Enquirer: 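Attaching a single structure in structure tokens format; questions to follow.
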Amino acid sequence: MTQAKIIDGKAIADSVRREVAEGVAAFKRQQGGVPGLAVVLVGEDPASKVYVGTKAKQTIEVGMASFEHKLEATVGEAELLKLIGELNRRRDVSGILVQLPLPKHIDAAKVIEAIDPAKDVDGFHPINAGRIATGSGGLAPCTPTGCLILAKSVQPKLEGLDAVVIGRSNIVGKPMAQLLLNENCTVTVAHSRTRDLPAVVKRADLVIAAVGRAEMVRGSWLKPGAIVIDVGIQRVPGAAGKARLVGDVAYQEAMEVASAVTPVPGGVGPMTVACLLQNTLKAAQAQGG
Ligand code: NDP
């Protein structure tokens, strides 16, 4: 049996970053300055620290300015909102990202809504969510944008496809569904209350799994020839007591049935930061330098 194509997220993310670097160079020639990304980290969450470090490194690599703001876990909400106000006003800051999750005493929704929508490069502000939902531009969240690029790398025109998005979070599932609708897919959004999920998935030409349950989607659920984009990342016990990373899809099984599959790691993961840089350039261009 022929195996599915492996969608190489690392290589595609590299090419997105190269395009962004070219865009940044052109922006510099035209405007003088460079786009700037401010990342705000509250507290000492080890995973968040790694993400913020990766974002800063890649921001500099594409020629943009990186501003890191590290605040104590005990910082008050008012102080955080004050910092966001300052970043909103700064002309050298084109994009603002507040690393989530925030400590419990801070209202994350309030913080997100304080970010100027023109600088909301995570695409989480209700104004940007509304613009994506109405198909009227806006900054789209980075992970679903990355998934769309990966799907289009194997099938440039998605129009008319039956797409099933598993998961309905504000960060991945819902914006993913909107982006696919904007591509003229017929979209089904499945979630924890969906009845007979395997039957729903069986209809799909394109499956986007954003659940957070290790290898939940089995090969037998898939329609032969489907394109499978796996957003999930879970650490599970592997051989010799070593942890291994798996997605929401049983990868080897999917490889036997699908036409193209993203691996975990090396699929959706690398695309998220690349799309963040793309959004920062887009925000800077819209702000006109
Ligand atoms: P959430 O936990 O916010 O959402 C999970 C969604 O999955 C919910 O809508 C939930 O349904 C649904 N779900 C849970 N169990 C089932 C089930 N048994 N059947 C069907 N649907 C189910 O997660 P996120 O959207 O933030 O993230 C999803 C996954 O993607 C995680 O593994 C996360 O680590 C990963 N991720 C990866 C990123 C990357 O860059 N690669 C970026 C962001 C996330 P309900 O709404 O009914 O509860």
Side-chain angles (χ1 to χ4, degrees), residues 6-14 16-17 39 45-55 58 97-102 108-109 112 121-124 129 132 140-151 153 163-180 187-204 207-218 220-222 228-236 243-251 261-279:
I6 299 169
I7 304 175
D8 186 347
K10 215 167 152 290
I12 297 171
D14 282 348
V16 170
R17 278 200 304 275
V39 177
D45 179 61
S48 293
K49 275 172 116 172
V50 172
Y51 293 143
V52 166
T54 306
K55 284 166 188 170
Q58 294 193 11
L97 179 149
V98 179
Q99 185 66 45
L100 300 176
L102 287 170
I112 290 167
V121 285
D122 248 345
F124 295 161
I132 299 303
C142 305
T143 300
T145 302
C147 292
L148 193 61
I149 295 172
L150 294 177
S153 75
V164 169
V165 180
I166 320 175
R168 56 174 164 179
S169 71
N170 290 335
I171 294 174
V172 190
K174 277 184 205 154
M176 186 75 250
Q178 298 293 354
L179 292 178
L180 291 171
V187 184
T188 303
V189 183
H191 45 78
S192 67
R193 318 288 166 85
T194 296
R195 279 193 216 145
D196 199 357
L197 186 60
V200 172
V201 172
K202 198 78 180 178
R203 294 204 297 264
V207 179
I208 315 265
V211 184
R213 283 177 174 251
E215 300 178 323
M216 183 186 83
V217 178
R218 310 311 308 187
S220 60
W221 297 15
L222 298 170
V228 179
I229 309 291
D230 191 350
V231 185
I233 320 169
Q234 300 292 311
R235 213 170 272 282
V236 297
R244 66 187 179 104
L245 289 177
V246 297
D248 289 337
V249 179
Y251 179 74
V261 182
T262 59
V264 178
V268 174
M271 293 300 289
T272 299
V273 184
C275 292
L276 171 70
L277 303 175
Q278 199 179 50
N279 266 356

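When a ligand or atom number is given, it counts from 1 through the structure's own listing order. Bear in mind that the values here come from a model prediction, so they are computed numbers and not experimental data.
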Enquirer: How many angstroms lie between atom CD1 of I166 and atom CG of L197, to the nearest 0.5 angstrom?
Expert: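 Rounded to the nearest 0.5 Å, the CD1-CG separation comes to 5.0 Å.
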
Enquirer: Show me the donor-acceptor pairs, under 3.5 Å and distance only, between side chains in residues 47-54 and residues at least two apart or in other chains.
Expert:
residue : atom : partner : partner atom : Å
S48     : OG   : D45     : OD2          : 2.8
K49     : NZ   : E44     : OE1          : 2.6
T54     : OG1  : V50     : O            : 2.9

Enquirer: Would you check if L97 and V39 make a side-chain contact, meaning some heavy-atom pair closer than 4.5 Å?
Expert: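 Yes, side chains in contact.
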
Enquirer: Checking R218 now: which residues fulfil salt bridge (Lys or Arg N to Asp or Glu O under 4.0 Å) with it, not counting sequence neighbours?
Expert: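 Scan of R218 (salt bridge (Lys or Arg N to Asp or Glu O under 4.0 Å), adjacent residues dropped) gives E253.
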
Enquirer: Below 3.5 Å, can you tabulate the donor-acceptor pairs from side chains in residues 141-148 to any protein atom, sequence neighbours excluded?
Expert:
residue : atom : partner : partner atom : Å
T143    : OG1  : T272    : OG1          : 3.1
T145    : OG1  : P141    : O            : 2.7

Enquirer: What is the distance from atom CD of Q278 to atom CE of M271, rounded to the nearest 0.5 Å?
Expert: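 Q278 CD to M271 CE: 7.5 Å, rounded to 0.5 Å.
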
Enquirer: Using a threshold of 4.0 angstrom between heavy atoms of the protein and any atom of ligand 1, which residues qualify?
Expert: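 Close residues (ligand 1, cut-off 4.0 Å): T143, I166, G167, R168, S169, V172, H191, S192, L197, A210, V211, G212, R213, M216, V231, G232, I233, Q234, V268, G269, T272.
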
